[in-house]
Amino acid sequence: PELNARSRVLEIGPLHRFTDYQELSGAQVEALCIDELNRNFTDTLGIPLHVCDISRAAPPLEKESFDCILFCEVLEHFDIAPQFAIRTVMSLLKKGGCILFSVPNFASIQKRMLLLRGGNPQDTLSPIVTYFAHIREPVCAETRAWWTDAGAVITGEGFTNYDKEEPGGVLSKLFWTARFLKIRNWYGLCHIWFPRTRRYFYLLLRKPV
């Protein structure tokens with residue numbers, strides 16, 4: 001997104017991507033987390049950290065005050081339905097503001113094959129701290145519906161493995177197809193020709209003006 005020194009960015013469940021935004025645009029960045037685990041890191045950088053379980057409560061932040069919100073690899077840790085959190089995120093975003101959302105893809109080929117073999121592709125739950133595990137990973141169709149029902153406009157989406165060399169054009173796909181056939185990497189072949197079976201998906205969202 002087009003950000004500048006006057007822009008305000010919030011990262012939920014900080015993966016520390018906000019530092020990239022700060023360096024690239026000079027934007028004012030803040031973080032929101034369920035606990036104090038990131039306090040030392042954010043305090044060192046002088047970045048405000050707001051503590052709140054956004055799946056259950058709205059943080060004490062001004063409505064429509066952020067130009068950009070990063071909501072990456074968080075929703076799969078919720079132990080309740082995500083609609084409240086999604087509506088809360090939308091309420092914090094300025095009109096015309098953008099959201100970068102990403103989450104593991106429960107429809108990945110790895111999980112499909114594990115289910116066919118009788119395995120359970122879900123995380124083993126901890127008896128002590130639940131939210132470190134992936135409580136429920138979604139699929140793209142239901143996630144799109146959650147955001148559009150909350151009033152968001154989807155401006156882009158994609159499926160990814162977070163690999164540095166994901167095949168793009170036809171020549172690249174043919175090169176990786178030959179390579180994966182040689183080493184019998186059937187998962188890699190599916191990822192090339194059926195992108196929706198990759199391990200993660202992301203949505204680029206905007207709040208209507």
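The figures here come from the full heavy-atom set of this structure, side chains too, leaving out hydrogens, waters and symmetry mates. Note that the structure is a prediction, hence the values are computed from the model and not measured.
- Counting only distance, with no hydrogens or angles, the side chain of Q22 and the backbone of D20 share no donor-acceptor pair below 3.5 Å.
- Rounding to the nearest 0.5 Å places CG of L92 at 9.0 Å from CZ of R8.
- We find the CD1-OG1 distance between I192 and T197 to be 10.0 Å, quoted to the nearest 0.5 Å.
- What you find for R198 and S108 is that their closest heavy atoms are O-CB, 3.5 Å.
- Side-chain atoms of H77 do not come within 3.5 Å of backbone N or O of I135 as any donor-acceptor pair.
- For the residue pair H191/Q110, the side-chain donor-acceptor check at 3.5 Å is satisfied.
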Step by step, work out the side-chain contact (heavy atoms from CB on, under 4.5 Å) result for F201 and E157.
CA-CA 7 Å; F201 63 86; E157 68 177 55; over 6 Å; no
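- K173 contributes no side-chain N or O that, together with a main-chain N or O of W193, makes up a donor-acceptor pair within less than 3.5 Å.
- Listed by first and then second residue, the ring-ring contact (aromatic ring centres under 6.0 Å, His included) pairs involving residues 79-122 are F71-F101, F101-W147 (not counting sequence neighbours).
- A salt bridge (charged side-chain N to carboxylate O under 4.0 Å, His left out) check over residues 99-126, counting only residues at least two apart or in different chains, returns the pairs K111-E137.
- Taking the side chain as every heavy atom from C-beta outward, L70 and I12 never approach each other to under 4.5 Å.
- A distance-only check finds a donor-acceptor pair linking the side chain of R206 to the backbone of G96 [under 3.5 Å].
- The hydrophobic clustering, which links ILVMFWY residues whose side-chain heavy atoms are closer than 4.5 Å, places L203 and I99 together.
- For the atom pair CG of N40 and CG of L45, the computed distance is 11.0 Å after rounding to the nearest 0.5 Å.
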Under the side-chain contact (heavy atoms from CB on, under 4.5 Å) criterion, do I54 and F78 qualify, and how do the steps go?
CA-CA 9 Å; I54 199 171; F78 289 175; 3.9 Å; yes
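- Put simply, the side chain of F180 reaches to within 4.5 Å of the side chain of I183, judged on heavy atoms.
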Applying side-chain contact (heavy atoms from CB on, under 4.5 Å), run through Y21 and L100 and close with a yes or a no.
CA-CA 12 Å; Y21 279 65; L100 173 59; 4.0 Å; yes
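- The local environment of CZ in R39 is crowded, with over 12 non-hydrogen atoms from other residues, nucleotides or ligands closer than 6.0 Å.
- Taking CG of N4 as the reference point, atom CD of E2 lies at 9.0 Å (rounded to 0.5 Å).
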Worked verdict on N120 versus L114 for side-chain contact (heavy atoms from CB on, under 4.5 Å):
CA-CA 7 Å; N120 187 346; L114 191 55; over 6 Å; no
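- Every residue meeting the ring-ring contact (aromatic ring centres under 6.0 Å, His included) condition with F41, not counting sequence neighbours, appears here in chain and number order: H16.
- Placement of L115 and I109 in two distinct hydrophobic clusters is found when ILVMFWY residues are connected by side-chain heavy-atom separations under 4.5 Å, directly or transitively.
- Hydrophobic clustering, with ILVMFWY side chains joined whenever heavy atoms are under 4.5 angstrom apart, keeps V29 apart from L93.
- Connection of M90 to W146 is established within a shared hydrophobic cluster, with ILVMFWY side chains joined at heavy-atom distances below 4.5 Å, either directly or through further cluster members.
- Residue E142 qualifies as enclosed at atom CD: its count of foreign heavy atoms under 6.0 Å is above 12.
- Taking 4.5 Å as the limit, every side-chain heavy atom of T160 sits out of range of all side-chain heavy atoms of S102.
- Contact check for V9 versus D67: no side-chain heavy atoms found under the 4.5 Å cut-off.
- Side chain of T155 to main chain of L204: a donor-acceptor pair is present (N/O by atom type, distance under 3.5 Å, no hydrogens or angles).
- Residues C52 and A57 approach most closely at SG-O, 3.3 Å, considering heavy atoms.
- Atom-to-atom distance recorded for L189:CG and R184:CZ is 12.0 Å, nearest 0.5 angstrom.
- Considering every non-hydrogen atom in both V153 and P208, the closest pair reads CG2-CG, 3.7 Å.
- The shortest side-chain heavy-atom distance between L32 and L61 falls under the 4.5 Å cut-off.
- The line from NZ of K207 to OG of S91 is 6.5 Å long, rounded to the nearest 0.5 Å.
- A continuous path of Ile, Leu, Val, Met, Phe, Trp and Tyr side chains, each step under 4.5 Å between heavy atoms, connects L75 with I154, placing both in one hydrophobic cluster.
- Side-chain atoms of T88 and P59, non-hydrogen and from C-beta on, do get closer than 4.5 Å to each other.
- The side-chain heavy atoms of C140 and F159, taken from C-beta on, include a pair separated by under 4.5 Å.
- Taking all atoms of both residues into account, the shortest heavy-atom contact from L125 to A133 is CD2-CB, 3.9 Å.
- The environment of CZ in R199 is sparse: at most 12 heavy-atom neighbours from other residues, nucleotides or ligands sit within 6.0 Å.
- Taking all atoms of both residues into account, the shortest heavy-atom contact from L49 to E36 is CD2-OE1, 4.5 Å.
- Counting heavy atoms from C-beta outward, W186 and L181 have side chains that approach closer than 4.5 Å.
- Using a 4.0 Å cut-off between charged side-chain N and carboxylate O, E62 and K94 make no salt bridge.
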